[in-house]
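Down below is the structure, laid out as structure tokens.
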There are 2 protein chains.
Amino acid sequence: MGPNVDRRPPVMADVARLAGVSHQTVSRVLNDHPNVRAETRTRVMRAIDQLGYRRNLVARALVTKHSRTLGVVSFDTTLYGPASTVYGIEQAARDAGYFVSIVSLRTIDRAGVNDAIGYLAEQGVDGIVVVAPQRSAARALDDLPAGMPAVAVEGWHQGDVSVVSVDQVEGARLATSHLLELGHETVWHVSGPADWLEAEGRIEGWRAVLTAAGRPVPATLTGDWSPRSGYQAGKRLAAMAGDVTAVFVANDQMALGLLRAFTEEGVKVPEQISIVGFDDIPESEFFSPPLTTIRQDFGAVGRRSIDVLLRQIESGEPLPHERLVVPPQFVLRGSTAAR
Amino acid sequence: MGPNVDRRPPVMADVARLAGVSHQTVSRVLNDHPNVRAETRTRVMRAIDQLGYRRNLVARALVTKHSRTLGVVSFDTTLYGPASTVYGIEQAARDAGYFVSIVSLRTIDRAGVNDAIGYLAEQGVDGIVVVAPQRSAARALDDLPAGMPAVAVEGWHQGDVSVVSVDQVEGARLATSHLLELGHETVWHVSGPADWLEAEGRIEGWRAVLTAAGRPVPATLTGDWSPRSGYQAGKRLAAMAGDVTAVFVANDQMALGLLRAFTEEGVKVPEQISIVGFDDIPESEFFSPPLTTIRQDFGAVGRRSIDVLLRQIESGEPLPHERLVVPPQFVLRGSTAAR
DNA sequence: GGGAAGACTGTGAGCGTTAACACGACCTCT
DNA sequence: AGAGGTCGTGTTAACGCTCACAGTCTTCCC
């Protein structure tokens, strides 16, 4: 048993003692302060890895008031969209030297989002990203702790906070116009669940194109983003096969469900019915037929939201709220054909 | 300007002053200490929400040495498997009153994992979950900071750390046996990339069943988990359509690629070739044909890993290392048929 | 060669909380 | 009635770091 067998991890003072300097000099070395003699610096460094010292960021955060941690509130990070967005956020944050603390809500409502934000605030995050695709969740942003930098992703373009999102309306326009240009009389729509902002945006874009072209606007079928709900919608549409020649489906997973239903009912895609999806999940290219869809650049959304948030944090001032829109991209594949 | 307009958030002392008690009593109220008079408690509570006080967990962590934060190191949380696992981990952690700090590696190698663990350790996490599906990543667990509770998910059953994983070998056995029972002479295999433990486990189970049954063991085709790589493998297998009647594909995404290639080449599934996948992603049920596959309960894996980790953390002692195995489940659908 | 302007390093205080201990009031038991 | 508890509360000292300030030691210039 040597004298030095305490299992307590070494602290700055231990390093200082070993290097024969003051704790403050160790701090300076760690923070790349310019005024440290090169020889002193190496001596400190040597002491650091001799002891296996790691600085305690908790203590540091206590005095600096900055944890270099960002909070992320999201919903069901199992889905491709949220998962990709959160991934983009995490990457961008880490590149900027920030950590990311995540809360994944099971159900998304105002109270839940508020709780999550509260926890995160206690934990001392420097800012918060809320992936709030539902109206009810977006509203929770109204009562953020005062002075807490925040940004909403895929949220509502209102009130007190900056928003970054893919232009859903434009995406839906792209999809619907494409179908009209192929000579279809009108376009049916299988939408996402009510209260989802993305679902609303896609309905809006779809309806706008149809009315602008003076076409009839069919009633929408409503799904819940799942392949199964698409399958059910597909069964109903197949029964109307004569009338329906083109469908814009609000996401690729539901589009897959449609494809399956149509296969079962002997409806040929794209010969009898054309389909356009939304998202461009990695699978879409290999559906039968490969799915024409609208690509969302989730990575870009994540990066842009971190940009906005960090600008807020680092300025220290509440900045004017921005609305950043990432353009969607039309991806032509094999599920659409001329009438 | 009143006297109380400092924008600095209130601290315990402010609450104490307002409630006419000492800061320590406020602390006791916050921590549900039994020995506080009911009347005092309510007075403190009133002061707390009058000031909008939130306790500072950073300061708390500094003195208690517990941050109630867990670190998670993962790889590409865009993929369904990792995303679901991380989701399960986060849910289980929060239910237990812990936060989760996530690092998603872009590339997975020993150095990267080590860096990530280092960052998390500095940040003061109480324990670390490493989702380490690759051999090289798993090895990084050898040099964890001393005394840091940790658990590996989908990792290697070796050395110094507990491991929770789905039984890959058993899953592959299930898939291969099913195909053999249908009367196929042998089963081909499209594997995941080398160095992935899951890929290795699935090869092992597949080979074991074939050799036990005295069947020829065909050369494996190797993919990278992506639908595209499955598509390429599918093209090669289609060219051998006479010889090949059954294929076990190491994940559902690649299986989708195979399906697409076979469709293009006019090979009928399951009439000419039977296919079994692995994972049971939400889409699989709606492939054409619906995919027979092996389901992994990622949520259970996440929960179990948090169980193990928290037991380690809360005991304070290094516990004996466990190896928890979550059983896979065979899911029969339409992509397999008797020879 | 005296003084000013750097370069480099040390000292002390304080961040907001909990832990340890101390203390008075009140009870219970012999 | 006095000893010994328990309850409720306050006081003080950490936790490990950075900040502000106060040195000391060079260097350089007139």
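Source: prediction; values computed, not measured. Residue numbers start from 1 in every chain, and the chains themselves are labelled A, B, ... in the order their sequence lines are given, proteins ahead of strands.
- By the ring-ring contact (aromatic ring centres under 6.0 Å, His included) test, A:F75 is found to be paired with A:W196, residues two or more places apart in sequence or in another chain being considered.
- Residues passing the salt bridge (Lys or Arg N to Asp or Glu O under 4.0 Å) test with A:D95, sequence neighbours excluded: B:R106.
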Distance-only check: which donor-acceptor pairs under 3.5 Å involve side-chain atoms of residues 39-61 of chain A, not counting sequence neighbours?
| residue | atom | partner | partner atom | Å |
| --- | --- | --- | --- | --- |
| A:R41 | NH2 | A:H33 | O | 3.2 |
| A:T42 | OG1 | A:E39 | O | 2.8 |
| A:R43 | NH1 | A:A19 | O | 2.6 |
| A:R55 | NH1 | A:N31 | OD1 | 3.0 |
| A:N56 | OD1 | A:V58 | N | 2.8 |
| A:N56 | OD1 | A:A59 | N | 3.1 |
| A:R60 | NH2 | A:N31 | OD1 | 2.9 |

Which pairs would a plain distance check flag for residues 301-309 of chain B, meaning a side-chain donor or acceptor within less than 3.5 Å of a matching protein atom at least two apart in sequence or in another chain?
| residue | atom | partner | partner atom | Å |
| --- | --- | --- | --- | --- |
| B:S305 | OG | B:V301 | O | 3.2 |
| B:S305 | OG | B:G302 | O | 2.7 |

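- With a heavy-atom cut-off of 4.0 Å to chain A, the contacted part of DNA chain C has its first and last nucleotide at C:dC8 to C:dG16.
- The backbone N or O of A:P149 sits nowhere less than 3.5 Å from a side-chain atom of A:Q312 that would complete a donor-acceptor pair.
- Using a 4.0 Å cut-off between charged nitrogen and carboxylate oxygen, A:D115 and B:R94 do not count as a salt-bridge pair.
- The residues B:R68 and A:E122 are annotated as not salt-bridged, no charged nitrogen and carboxylate oxygen being separated by less than 4.0 angstrom.
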B/S/- contact track for nucleotides 9-21 of chain D, protein heavy atom under 4.0 Å: BBBB--BBBBBB-
